[in-house]
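To keep things clear, I will list the structure first and then write my remarks on it.
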Amino acid sequence: MDYLLEDLNDPQKEAVTHRDGPLLVIAGAGSGKTRVITRRIAWLLAHGVDPRRILGVTFTNKAAREMAGRVEEALPGVRIRLSTFHSACAAFLRRSAPALGFSSDFTIYDTSDRDQLLKSLMKERGVDPKEHRPSQIGAQISSLKNSGVLPTDPEFHQSESIHYVVRRIYEPYQEALRANNAMDFDDLLLKFLRLLQNNPEEKAAYARRFDYLLIDEFQDTNKIQYDIVKLLASEHKNLCVVGDPDQSIYSFRGAVLGNILSFPRDFPGTKVIRLENNYRSTANILAFAQGVIARNRLRYEKVLRPVHGEGEPIGFIEAADGSEEGTLVGHKIRRLLDQGVDPREIAVFYRARFLSREIETCFKNLGIPYRLVGDLGFFQRREVKDLLAFLQVCANPLDRVSFERCLNVPPRGIGQVSRRLLMEEAAREGLPPAEFLRRGMIVPGVRGKAKRGFLEFGKILEEAAGRSLETVQGTLRLFLERTNYLNEICRTGSWEDVDREENVGELLRDAAEFDKRWEELSEQYPDHSPVSAYLAQVSLMTDQEERQADSASVQLMTVHASKGLEFDHVFIVGLEEGLFPHSRSMDDLEGLEEERRLFYVAVTRAKKRLFLCRAERRRGFDGGFHPQQPSSFFQEGRQQLGGGGDPWVYEEDSGELPEFAVGDWVRHARFGEGSIQTVIGRGRNTKVEILFQGGIRTLLVEYAKLEKVEGA
DNA sequence: GGAAGAGGACTTTTT
DNA sequence: GTCCTCTTCC
Ligand SMILES: Nc1ncnc2c1ncn2[C@@H]1O[C@H](COP(=O)(O)OP(=O)(O)OP(=O)(O)O)[C@@H](O)[C@H]1O
C-alpha cells in the first residue's frame, strides 16, 4: 500500500502516516492540503480502520463529494461518506431528538423559512417587518447562535449591544421552532453542542463513536464547531485539521481565525506540519497572489514556493459596462474553446451572486455552455418550494411555516380572513391546523369557496396519510393530480411556464431516484417515512450539483463557492471598488483584510491563466448606470505586473458580417424566427434586438448565426 | 373576501 | 429580476 504515498512529498507523507494524536497541517494555497486529508483517510482505511469510525468533515456538500471521490480513486472499491458539519450534526441530532423535545424527523428550516417565521412572529407582536427586515433580524439571531448564545442564557439579557427587536423576538422564535418541530441551520450545530455539554452520557458515547477525526478548511470553523470537535475528540485526540489562515473567508458566519492558531495550545503535543510547495499555479500567478496577501497586517506568514514555471502573464479585461464585460469574457472563452480547451477547466468568479446574470445573458447569446455552481436556484424555486412544503406538512403537521405556504397553492379561495378563522378554531380544538383539516373538520363562519378549499386540502392530506407516505414520488403525484397543479400554474403559456414544468419534472425524477434507493438508505433514517427521510436529505442540499456534474460547461460561481477548487483558466469579474472589495466590508480593517483574503482565494484557484476583469459602469436596480472605480485589487495587478499595456486587443480578422435592418425577418437556431426591432452599434460589435415568439432577445450579430428569411 | 395586476424596495458571501 | 404590499375588480 506504499503506492498511496508515491505522489506525495516528504511532509505530506509524514502527515498521511501520522498515526495517533493531534495533527495540524498549516499551509498556503495549492500546497496539497486536501490531498493530505483524502490520502490520510485512504491510508487509515488501508490499515484496517473501519470507515464508520472515521469522521471526515468539510465545509460544503460539493467538497464532501469531491473528496470522497478522491479517496475512492486512491483506494478502488472502498466507499466512504464525508460530511459537512451541518449534515453530521443533523444526523446525530435525529438520533437524540426526543431528549431535546423534538421528534427524530424534525424539519430543517432554511433561511427563507426562518425569515417567514420571524415575519409572522413580528407581526403578532406589532413590529413592522418593513421597518426591521426579518432577514436582518434573522441574521443577527444567527450570529448570536454562532457565538453560542441562546435567549435563555444570562449573557443574552446582559448584553447591551443586542437590537431591541432581536431581544424581543429571539426567545419566541426559539419557542416557535420547537412548537413547529423544526430547527434552523444554526440550531443543528448549537443544539448538538448543548446536548454534549449538558449530558455526560451522550458526551461519552460520542467521544467514543469515532476513532479518527479529519477536518478540512479548519480556518473557517466557528466557535461552536470547534467546541463540538473538541468534545468528539476528547478521549482519543486523534484529530487531524488542515487549513490556511490566509483563506479564512467566512467570518460572517462566525468563523474565527483563532481556532487554527490556538490549536497547538488547545491540544498539547500537536504535531505541526507545514507544506511549502505550490503545485497548482504558474509562478506568475503565485507571485501575484503572494503580493496581494502580503499587504494584510493580521497574518500568519508562511513559505510557498512555485513548482511550475513562470507561465503566461496575467490578463486584464476592461469593459465599458457590465454587458460588455460579459461579452469580452465570452469572446476570450470562445477562443479558448476553439483551441480545444475543456470547458470544465474554465471558471468565472464573482463577488456577489447578482453579477452572474449579466454574464449568463452574454454567454447565452454567444452560445457558450455554462453551469451555475452552487446555484440556490432549484430548491428555492417557487414551484419546488411549494411541493416540498406540501411534503413537509404531510411529514410534520406541526410545521406551520410550510403549512401556511402550501395551504392556498394553487389558489383555492383561502385568504387572510379564512386563514385566521382556521387558526383560531384549530387552536380551540387543540389541534395543529393541518391535522384539523385532515380530519375534515369545519371552520365556523367560513363558507363558499374557502370552505370547499379547506375540505379539499384536508382530503388530500388524509389521502396522503392513508398511503403512509410510502413513496416520495407517489405523494407528490397525488398532490399534483388532486390539485391539477401543473395546469393551474402554467396557465399563461409563456416562457417561464416551460421552466416550471421542467422543474416539477426534475423534482419528480429526483424523488423517484430516492424511492429506488430507499431500501439501502432506510437504515440511515430510523423512524422516518420515506417522505420525511427525503426531506431530511433535501433540506441540507442547497445546491443541485449532482444533477449536472458531468455536463461539459464553463463554471460560473461566487468566489466563496470556489474555495478548494482549481481550474486551468480563471476569470474574476466585477473588480470594482465597492463590489470587490464589497462596500459593506470596507469600513474596518478586519473587513478589508477578509476581502483581500477572498481575492487571494480567487487568484490561487488558477492553474495556468488568470484574467482580472472590470467594467467602467454598471446598471443599478433602477436601470440607470453608475460609474465604477477599478478595484484596488485590479490596480495592484496592474502595478505589480508593470502596467502591462493591454494584453486584451480585439483581433480585426473575421470576414464580413451580414447586415441587418429594423424590420428584417431572421431565423435563429434556438429561438426560431423573429423580427429585428433595433440595431445597436456597428461592425463586429453590432447587437440586434429581435422579437421572437418567446419574447425579445438581444444578440450579437457575430455570434448569433442569424439567417435572413426572405420575402416575409 | 379573494385574486390578479401594478408599483415599490431591495440584492455580500453560505449551511 | 424578485419579493412584498397596495389597489382594483370579481
Ligand atoms: N506532492 C504532490 N505532487 C504533485 N502534485 C501535487 C502534490 N500534492 C498536491 N498536488 C496537486 O496540487 C494541487 C493542489 O492540491 P490541493 O487541492 O490538495 O491543495 P490545497 O492545499 O488543499 O489547496 P487550497 O488550500 O488552495 O484549496 C492539486 O492539483 C493536487 O493534485
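Per chain, numbering begins at 1; letters A, B, ... match sequence-line order. The structure displayed is predicted, hence computed values, not measured ones.
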is_close_aromatic(A:Phe252, A:His560), centroid dist under 6.0 Å: yes
Sugar-phosphate only, base, or nothing, as touched by A:Glu594 at under 4.0 Å among non-hydrogen atoms: nothing
B:dT13 pyrimidine/purine six-ring stacking with A:Phe252, under 5.5 Å and 30°: yes
Euclidean distance, atom CE of residue A:Met557 to atom C1' of B:dT13 [Å, nearest integer]: 15 Å
Distance, rounded to the nearest Å, where A:Lys123 contributes NZ and C:dC4 contributes C1': 9 Å
Face-on cation placement of A:Arg114 at A:Tyr109 ring, 6.0 Å and 45° thresholds: no
Which residues share a side chain to side chain donor-acceptor pair (under 3.5 Å) with A:Asn396, sequence neighbours left out: A:Thr107
Donor-acceptor pair under 3.5 Å, A:Thr558 side chain vs B:dT12 base: no
Contacts of type side chain to side chain donor-acceptor pair (under 3.5 Å), residue A:Thr221, not counting sequence neighbours: A:Asn259
Whole-Å gap separating P (B:dT14) and CD1 (A:Ile224): 21 Å
All salt bridge (charged side-chain N to carboxylate O under 4.0 Å, His left out) counterparts of A:Arg295, not counting sequence neighbours: A:Glu636
Sugar-phosphate, base or nothing in reach of A:Ile249, heavy atoms under 4.0 Å: nothing
Partner residues of A:Lys563 under the side chain to side chain donor-acceptor pair (under 3.5 Å) criterion, sequence neighbours left out: A:Asp220
For atom CZ of A:Phe354 and atom P of C:dG1, their distance in whole Å: 16 Å
Euclidean distance, atom CG of residue A:Asp186 to atom P of B:dT14 [Å, nearest integer]: 15 Å
Neighbours of DNA chain B within residues 578-589 of chain A, by heavy-atom distance under 4.0 Å: A:His582, A:Arg584, A:Ser585
Distance in angstrom units between A:Gln219 CD and B:dT13 C1', rounded: 15 Å
Nucleotide C:dC4, atom P - distance to CG of A:Leu118 in whole Å: 13 Å
Sugar-phosphate, base or nothing in reach of A:Asp110, heavy atoms under 4.0 Å: nothing
With A:Glu502 via side chain to side chain donor-acceptor pair (under 3.5 Å) - residues at least two apart: none
Interatomic distance, A:Ile228 CD1 vs B:dT15 C1' [rounded to whole Å]: 13 Å
